[in-house]
Protein chains: 2
Amino acid sequence: MMNGRRLALMQILDSRKKYTARELAERFGVSMRTIQRDLDYLQTIGVPLYAEVGAGGGYRALPNRLMPPLQLNQSEALGLFMLLQLLELVPDFPYGEIRSHLADHYYSSLPLDTKEQIDRIGDHLAFIQRAAVIPAPWTTLILEAAMEKRRLSFDYSSSGGIKITQAFPLGLYYEQGCWYVPALKDERTLLYRADRMHNVCKLDATLPELQTMKEWMKQEDDRERVQVSLQFTPFGARVAQTDPDYDLITDDRWEGLVPHQELPFLARKLLRFGPEVRVLQPPALRSLVAGLLRQAAEQYAHDEDVTS
Amino acid sequence: MMNGRRLALMQILDSRKKYTARELAERFGVSMRTIQRDLDYLQTIGVPLYAEVGAGGGYRALPNRLMPPLQLNQSEALGLFMLLQLLELVPDFPYGEIRSHLADHYYSSLPLDTKEQIDRIGDHLAFIQRAAVIPAPWTTLILEAAMEKRRLSFDYSSSGGIKITQAFPLGLYYEQGCWYVPALKDERTLLYRADRMHNVCKLDATLPELQTMKEWMKQEDDRERVQVSLQFTPFGARVAQTDPDYDLITDDRWEGLVPHQELPFLARKLLRFGPEVRVLQPPALRSLVAGLLRQAAEQYAHDEDVTS
DNA sequence: TCGAACTATGACAATAGTTGACGTAATTAA
DNA sequence: TTAATTACGTCAACTATTGTCATAGTTCGA
């Protein structure tokens, strides 16, 4: 049976220092024999202890996998299950075991009325988000490798076919239903998609001086930028206001700095607004947008007489 | 001391049925006296039990607010803290107390090495999402009212100014950085934005036959639909594959049913693909897209000579 | 009004679990 | 080798839990 002393013992050993049975016995005011029996018990319930016998020996615990219990109140529990609902939209979440632990084990241990409330939340709360259908089962492994700054080997399928690749992942990020992996390969940082990676495995090589993804993202933000100014129609402005890409300064005009490399990407984005936006600056973006529009319109050229 | 039987007893009583000491004793295979002692103990530690004495009496528990503790292992805890990072992007999460409980209290009770790992996750994991800047502090209250099918009173600021409004909220949903509230006002279901609601308070009136948000959303989905078929270029198909709106059946073709009312909306969406998509069906959508393209192109008409 | 079906509580012995004391063996560092 | 240590078995002492019995009070319904 788990009593207070055994719990405390577990936590003391978690500090990863070494303790002799005598020290522990004195600390708790019990006999050494009792301590030994406690340690026995802890081992049987799975706490990873080990002992060094002989002079200078003692007991230690491996980095412990048993966390202290989390005691929530009802509204915190409700919040947790709402969070779980949000999680449903993010497929292949790393360390995703938490999902089933909460949904199955913890849920069933809750009081009945709390369960009812949780069930009812589902009727009244939703998160609308593009959920990817493409599975990316290796996210946990990739994240682990990034945290250990360890090299990965994987098969990567791109338009050119499948290639076995090795790279150091910087981290993992989720955007619009997709997991992306910036990774260092041969001195260059490339962006991989996690769902196109297969047979991922960690290699032995590590690179301690590897930058973190956080640093990389910051650096990406610092690239050369171009002044862009857009003019929306009143309707376009209303649409744009609900799109957080554009923080409108005045009602119908947007000004901002955009990395030079992203102009083609921005041009495609602006297509969405069709006639509701006009590019004032820079000319390069003007012609990109105009070019795309012309190409698109050509597809419908022979419809002209019908629609006009 | 809390043992398994007492915990189980607590959960059984939580179901809010009534049990006699005899029933419980038989269930656990112990004597009635033991059950009574257990109940005594549970009361001393604060479980809100009460007994009805006399014939037809028995023991009950008040709806219990003491949740059982949640015991996670390390990787589940890591998952939980990643989940917390995702939560950072959703402002004004209802029942948001969970956030600080986890970030402050639970975090500090974890073993050292787990804390380190959690800290490092932040360097290697990100969720990229448009985070709204507009605060919507009333989400918990709105959700509660929806679950209780209770009328709300609030000040709503729209383009026409601020109006005091009363309505029955069906629920709450989050999309692209904004909380939305479908609500029944005078027989019609309107869509409010939570960030534009102020001074929200629950009124006494309830409407038990009010539909849930889930039902409402389903109904929205069930409107009359039209067969749409799209033809993508290979490049367009690649782009579309990352957009979960389109589940491609073959590599470069999309077929689906779309509510008739949403064709104009879909037309605007398709603009995004510019030259990479062609509408095959229905003709109505074809002409909508063509029309938008023509309008848009006119803005750049005098640039033609430069770009061609 | 009575008796059956309950809870509430105390006393005490029987049972089960925990602890301490002691012994013995094995391992290890100095 | 010796001292410090883990490992573990045995048994008696101690402590906690449980069952049995007794008694008293409340409530319901015949």
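Note that the coordinates shown come from a computational prediction; the quantities given were computed from them, not determined experimentally. For the numbers below, each heavy atom of this structure counts, side chains included, while hydrogens, waters and symmetry mates do not.
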B:Y41 ring centre to B:R6 NZ or CZ under 6.0 Å, with the angle to the axis within 45°? yes
Could you check how far NZ of A:K18 sits from P of D:dA4, rounded to whole Å? 15 Å
Value in whole Å for how far the C1' atom of D:dT5 lies from CG of A:L24: 13 Å
Round to the nearest Å and state the distance from A:F28 atom CZ to C:dT18 atom P. 17 Å
Among the candidates D:dA3, D:dT27, C:dT7, find the nucleotide nearest to the side-chain atoms of A:A55. D:dA3
Could you check how far CG of A:L9 sits from C1' of C:dT18, rounded to whole Å? 15 Å
Check every strand shown and say whether A:E52 touches a base, only sugar-phosphate, or nothing at a heavy-atom separation below 4.0 Å. sugar-phosphate
Report yes if a side-chain nitrogen or oxygen of B:R5 is closer than 4.0 Å to either non-bridging phosphate oxygen (OP1 or OP2) of D:dT18; otherwise report no. yes
Roughly how many Å is it from CZ in A:R6 to C1' in C:dT19, rounded to a whole number? 11 Å
Expressed in angstrom and rounded to an integer, what is the separation of A:Q36 atom CD from C:dC22 atom C1'? 13 Å
Would you mind classifying the nucleic acid contact of A:R22 as base, sugar-phosphate or nothing, using non-hydrogen atoms under 4.0 angstrom? sugar-phosphate
Strictly below 4.0 Å: does A:Y59 bring a side-chain N or O up to OP1 or OP2 of D:dA7? yes
Where do A:L141 and A:V200 come nearest, in terms of heavy atoms and distance? CD2-O, 3.3 Å
Which is more 5' along DNA chain C, the nucleotide nearest B:R37 or the one nearest B:M32? Just name the residue. B:M32
When only distance counts, do a donor and an acceptor, one from the side chain of A:R33 and one from the base of C:dG23, lie under 3.5 Å apart? no
Between C:dT18 atom C1' and A:N3 atom CG, what is the distance in whole Å? 9 Å
Interatomic distance where CG belongs to A:L39 and C1' belongs to C:dT18 [whole Å]: 15 Å
Taking atom NZ of A:K214 as the centre, report whether more than 12 heavy atoms of other residues, nucleotides or ligands fall under 6.0 Å from it. no
Of the listed D:dT27, C:dA11, C:dT19, the closest approach to the A:D38 side chain comes from C:dT19
At 4.0 Å (heavy atoms only), tell me whether B:S31 reaches a base, stays on the sugar-phosphate, or touches nothing. base
Return yes when atom CD of B:E187 has more than 12 non-hydrogen atoms of other residues, nucleotides or ligands closer than 6.0 Å, and no otherwise. no
Would you call the rings of A:Y106 and A:F81 parallel, tilted or perpendicular, taking 30° and 60° as the class edges? parallel
